[in-house]
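Before I ask anything, let me first share the structure, which is written out below as structure tokens.
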2 protein chains.
Amino acid sequence: MRIGELAARTGVSVRSLRYYEEQGLLTSVRSASGQRHYTEDDVERVGFIQRMYTAGLSSRTIAEVLPCADAPSEEHSDAALERMAQERDRLSEHITELIRARDALDDLVAIARAHRETLRAPAAR
Amino acid sequence: MRIGELAARTGVSVRSLRYYEEQGLLTSVRSASGQRHYTEDDVERVGFIQRMYTAGLSSRTIAEVLPCADAPSEEHSDAALERMAQERDRLSEHITELIRARDALDDLVAIARAHRETLRAPAAR
DNA sequence: CTAAAACCTGACATTGACGTCAGAGGCAAG
DNA sequence: CTTGCCTCTGACGTCAATGTCAGGTTTTAG
């Protein structure tokens, strides 16, 4: 498929797909005229890339980790494994922080709601 | 206390504290010479601001939400409450995505580790 | 064949939360 | 009084993923 279709199927912009290629995250086969062509597998690959971006990894870090996703049967050095584990931990910490932030928001919402009730039924007590 | 001490106690840069003030998130009392002075409460306030930034809220959104944290006993319009609830949900979705991303990383790590075992004990089977 | 739609490269623009630097004034200690 | 540290304002720099535009080629539909 061509780049427009891949973009449509992944929900990622054409611009971003070209950027991913520039960053070495995605490869394409070029037709004689220079147009990029992708395989079905690339849909999934782009999904993974997006997920890693969401996780807060940079292009460079994703590039380090991707080979492991590509060829799970090769060694790819302990460094990459180390890197993945490290990013996983960082992500885990971040999730913990986000949950705390959500709790803080929850508290605020609860207090605001409670006070609204007070306003609505001032004669309740 | 002056800005340097607040920075030290919150772990936030002096630059950021000025930026927060510029964004209307933090106020200070100015001495005759123009220096900013803060209260003990501001330490906690900066912590909350940081937490909201971590949660992915923009300055503008934090500015909308902060009045509720400041004065829980006022109404502050349903709009702010609505906004908080909305941000909370957005954050929740984001957390879910991050957990999925972490799971993906976990899978990769597990596969890589398993393969390393295979290499280390090739005669195991 | 022709026009529209999709693609190409290259380059500049954007956004947001800061970093950093310059030049000037403020404040406590010796 | 002066030395050294803190603070002030203002402005420009940064970074990373993307948007966007220009000018040109390719593909597709009619």
Side-chain angles (χ1 to χ4, degrees), chain A residues 1-39 42-43 45-66 87 90-91 94 97-98 101, chain B residues 1-39 42-43 45-66 87 90-91 94 97-98 101:
Chain A
M1 80 192 80
R2 291 189 299 169
I3 199 170
E5 187 178 342
L6 182 60
R9 289 181 56 181
T10 58
V12 170
S13 74
V14 168
R15 175 67 174 92
S16 294
L17 293 177
R18 295 203 190 104
Y19 178 73
Y20 296 167
E21 182 168 323
E22 193 181 317
Q23 299 299 308
L25 308 180
L26 188 61
T27 52
S28 59
V29 173
R30 299 302 188 100
S31 69
S33 63
Q35 300 205 339
R36 294 170 176 84
H37 286 265
Y38 300 94
T39 68
D42 288 326
V43 175
R45 185 185 185 88
V46 170
F48 180 80
I49 293 171
Q50 281 291 95
R51 190 159 285 178
M52 290 304 104
Y53 271 125
T54 299
L57 306 215
S58 68
S59 307
R60 212 166 58 79
T61 305
I62 298 176
E64 291 179 45
V65 163
L66 260 174
E87 289 298 329
R90 195 193 49 74
L91 180 52
H94 191 218
E97 285 172 20
L98 289 191
Chain B
M1 80 193 79
R2 291 189 299 171
I3 199 168
E5 188 179 341
L6 182 59
R9 290 180 56 181
T10 57
V12 169
S13 73
V14 168
R15 174 67 174 92
S16 294
L17 293 177
R18 295 203 190 103
Y19 178 74
Y20 296 167
E21 182 169 323
E22 191 183 315
Q23 300 298 309
L25 307 180
L26 189 62
T27 52
S28 59
V29 173
R30 299 302 188 100
S31 70
S33 63
Q35 299 204 338
R36 295 171 175 85
H37 287 266
Y38 301 94
T39 69
D42 287 326
V43 175
R45 185 185 184 87
V46 170
F48 180 79
I49 293 171
Q50 280 291 94
R51 189 158 285 176
M52 291 302 105
Y53 271 124
T54 300
L57 307 216
S58 67
S59 307
R60 212 167 58 77
T61 305
I62 297 176
E64 292 179 46
V65 164
L66 260 174
E87 289 299 329
R90 196 192 49 73
L91 179 53
H94 191 218
E97 285 172 21
L98 289 191

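Naming convention: chains lettered A, B, ... in sequence-line order (proteins, then strands); numbering from 1 in each chain. No hydrogens, no waters, no symmetry mates; every other heavy atom, side chains included, goes into these values.
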Q | Nearest-Å distance for atom pair CD1/C1', residues Ile49(A) and dA17(D) | A | 13 Å
Q. Among the nucleotides dT28(D), dT18(D), dT7(D), which one has an atom lying closest to any side-chain atom of Ile3(B)?
A.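 Out of dT28(D), dT18(D), dT7(D), the nucleotide with an atom closest to Ile3(B)'s side chain is dT7(D).
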Q: State whether Ser33(A) places a side-chain N or O below 4.0 Å from either non-bridging phosphate oxygen (OP1 or OP2) of dC8(C).
A: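 So the side-chain polar atoms of Ser33(A) never come under 4.0 Å of the phosphate oxygens OP1 or OP2 of dC8(C).
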Q) Rounding to a whole Å, what distance do you find between Met52(A):CE and dA17(D):C1'? A) 17 Å
Q: Before giving the answer on side chain to side chain donor-acceptor pair (under 3.5 Å), spell out for Thr10(B) and Gln50(B) the whole-Å C-alpha distance, their side-chain angles and the decisive distance to 0.1 Å.
A: CA-CA 9 Å; Thr10(B) 57; Gln50(B) 280 291 94; over 6 Å; no
Q: Using a cut-off of strictly less than 4.0 Å, decide whether Ser16(A) has a side-chain nitrogen or oxygen near OP1 or OP2 of dT18(D).
A: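 It does, given that an N or O in the side chain of Ser16(A) lies less than 4.0 Å from OP1 or OP2 of dT18(D).
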Q.
Please compare Ser13(A) and Ala32(A) by the position of their nearest nucleotide in DNA chain D and report the one closer to 5'.
A. Ser13(A)
**Q.** Gap between atoms CG and C1', on Leu17(A) and dA6(C) respectively (whole Å)
**A.** 14 Å
Q.
Let's see if you can work this out: which of dC18(C), dT18(D), dT7(D) has an atom nearest to the side-chain heavy atoms of Arg15(A)?
A. dT18(D)
Q | Carboxylate-amine/guanidinium contact Arg18(A) Glu22(A), below 4.0 Å | A | no
Q: Would you please confirm or rule out a distance under 4.0 Å between OP1 or OP2 of dA17(C) and any side-chain N or O of Tyr19(B)?
A: yes
Q. What are the two closest heavy atoms between Val46(A) and Leu17(A), and how far apart are they?
A.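 That closest heavy-atom pairing would be CG2-CD2, 3.9 Å.
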Q: Can you figure out which of dT28(D), dC8(D), dC6(D) approaches the side chain of Arg2(A) most closely?
A: dT28(D)
Q. When you measure from the side chain of Tyr53(B), which nucleotide among dA17(C), dT18(D), dC8(D) comes out closest?
A.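 Between dA17(C), dT18(D), dC8(D), the one nearest the side chain of Tyr53(B) would be dA17(C).
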Q: Quick one: label Ser59(B) by what it contacts on the DNA or RNA (base, sugar-phosphate, nothing), any heavy atom closer than 4.0 Å.
A: sugar-phosphate
Q: Nearest whole angstrom, please: distance from the P of dA17(D) to the CZ of Arg18(A).
A: 18 Å
Q) In whole angstroms, how far is the P atom of dG16(C) from the CD atom of Gln23(B)? A)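 To the nearest whole Å, that distance equals 9 Å.
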**Q.** Whole-Å gap separating P (dC27(C)) and CD (Glu5(B))
**A.**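 Checked: the CD to P distance equals 16 Å.
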Q) To the side chain of Gln35(A), which of dT26(D), dC18(C), dG26(C) is closest? A)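 Minimum distance to the Gln35(A) side chain belongs to dT26(D).
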(Q) Using five base pairs at each end to define the local axes, how bent is the helix from dC1(C)-dG30(D) to dG30(C)-dC1(D), to the nearest 10°? (A)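 Answer rounded to 10°: the end axes differ by 10°.
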Q) Which pair of heavy atoms, one from Met52(A) and one from Ala101(B), lies closest together, and at what distance? A)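 Scanning both residues, the minimum pair turns out to be CE-O, 3.9 Å.
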Q) Does Tyr20(A) place a side-chain N or O at less than 4.0 Å from the phosphate oxygens OP1/OP2 of dA17(D)? A) no
Q | Salt-bridge criterion met for Glu87(B) and Arg90(B) (N-O under 4.0 Å) | A | yes
Q: Quickly work out the Arg9(B) CZ to dC6(D) P distance and round it to whole Å.
A: 17 Å
(Q) I need the CD-C1' distance between Glu21(B) and dG10(D), as an integer number of Å. (A)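 These atoms are roughly 15 Å apart.
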Q: Describe the nucleic acid contact of Arg60(B) in one word from base, sugar-phosphate, nothing, applying a heavy-atom distance below 4.0 Å.
A: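 It contacts nothing in the nucleic acid.
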Q | Thr54(A) versus Glu97(B), closest heavy-atom pair with distance | A |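 That closest heavy-atom pairing would be CG2-OE1, 3.3 Å.
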Q. OP1 or OP2 of dA17(C) sitting under 4.0 Å from any side-chain N/O of Ser58(B)?
A. no
Q: Report the C-alpha separation of Ser59(A) and Tyr20(A) in whole Å, then their side-chain angles, then the decisive distance to 0.1 Å, and conclude whether the side chain to side chain donor-acceptor pair (under 3.5 Å) test is met.
A: CA-CA 8 Å; Ser59(A) 307; Tyr20(A) 296 167; over 6 Å; no
Q.
For dT7(D), does the base pair up with any side-chain atom of Arg36(B) as donor and acceptor (N or O, under 3.5 Å, distance only)?
A.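 Not at all, since no donor on one side and acceptor on the other fall under 3.5 Å apart.
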Q.
Which is more 5' along DNA chain C, the nucleotide nearest His37(A) or the one nearest Leu57(B)? Just name the residue.
A.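 Nearest nucleotide further toward 5': that of His37(A).
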Q: Would you indicate whether the side-chain heavy atoms of Tyr53(A) and Val12(A) approach each other to under 4.5 Å?
A: no
